[in-house]
Amino acid sequence: MEVIITDSYEAMSAQAAKMIAQQILHKPSSVLGLATGSTPVGTYKELIRMHKEQGLDFSKVVTFNLDEYVGLPPSHNQSYRYFMDHNLFHHINVPTGHIHVPYGHAESVLDFCAWYESEIKRYGGIDIQILGIGGDGHIAFNEPGSSLGSRTRLKTLTQETITDNARFFANMDEVPRFAITMGVGTILEARKIIMLANGSKKAKIVAEAIEGPVSSQVSASALQLHRDVVVILDKEAASKLKRADYYKWVYDQKAKLMPALIGKAT
Ligand code: PGA
């Protein structure tokens, strides 16, 4: 695991966007795994800037999003499809036909989930997966207790997540109870994973995920089993890491001696 501690949210976002851009330059038909939430918004802004100012080309890129609420149409302003359209897709040149976000109105969720998994395989698997981390350690909607081998499936949201989301809806009845989410096992099959976290609210769970035991109670801890993970943090999110000095030292040594190795598997 490579842990990169940056000075700010902007620096974290720039670092992540740079790695994604490198991946696209290296393989224009890259398959990107994308996440919603407030964390990756800055990364998406930077990718949009690179597209507009530097011509970063998404025309061959294929995307798969991690999750979506069940019951919300893509046009609903709280759906994850809407979020992605507005925060990224509408501002870059990725063809609509290359975009995959789980469909919250699928007639058979079971069939849809199996199809989603087979689509990821049909495109050759995910080259680079972006992740945020929830306050309870979830990645995608893999709430605590999710099997570390889980696949794309229907997930019942926790009361905590439902209450948390209530502020975005007119009333409690409208708040989705279920989501379709890639599983922890699906995520672990991505060839490279970048997990992002910022802010002091994430410090405790980041330390548990990176330095604590691997446990289904903290889904993000499963990333310790993956061979190519980069965790990019701002200094607040890194503030409870015991080995922060070591991670910084590793980064500095690499930056000095082998800059091309930053973001490569350690
Ligand atoms: P956030 O959510 O980026 O809005 O903090 C992260 C998550 O719940 O995965």
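Side chains included, hydrogens not; waters and symmetry mates left out as well; all remaining heavy atoms used. We count ligands from 1, going down the list as the structure has it; atoms in each ligand are counted the same way.
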Got the closest protein heavy atom to atom 6 (C) of ligand 1, with its distance?
Ile133 O, 3.6 Å
Tyr69 ring center within less than 6.0 Å of Phe141 ring center
yes
Of all protein heavy atoms, the one nearest atom 5 (O) of ligand 1 is Lys202 NZ, 2.6 Å
Identify, by atom number and element, the atoms of ligand 1 in contact range of Gly37, meaning under 4.0 Å from any of its heavy atoms.
3 (O), 4 (O)
Element-labelled atoms of ligand 1 that are located less than 4.0 Å from some non-hydrogen atom of Gly134
7 (C), 8 (O), 9 (O)
Using atom types as modelled, flag every donor-acceptor pair under 3.5 Å from a side chain in residues 201-214 to any protein atom, sequence neighbours excluded.
from	atom 1	to	atom 2	distance (Å)
Lys202	NZ	Ile133	O	2.9
Lys204	NZ	Glu208	OE2	3.2
Glu211	OE1	Lys242	N	2.8
Glu211	OE2	Lys242	N	3.3
Glu211	OE2	Arg243	N	3.0
Glu211	OE2	Tyr247	OH	2.6

Within ligand 1, which atoms have a heavy atom of His138 less than 4.0 Å away?
7 (C), 8 (O), 9 (O)
Numbering as shown, the atoms of ligand 1 that approach Thr39 to under 4.0 Å (heavy-atom distance)
1 (P), 3 (O), 5 (O)
Quick one: do the Thr6 and Gln15 side chains pair a donor with an acceptor below 3.5 Å?
no
Across all chains, not counting sequence neighbours, the side chain to side chain contact (heavy atoms under 4.5 Å, CB included) partners of Val94 are Phe58, Thr63, Phe89, Ile92, His98, Ile99
Quick check, are the ring centers of Phe169 and His76 under 6.0 angstrom apart?
yes
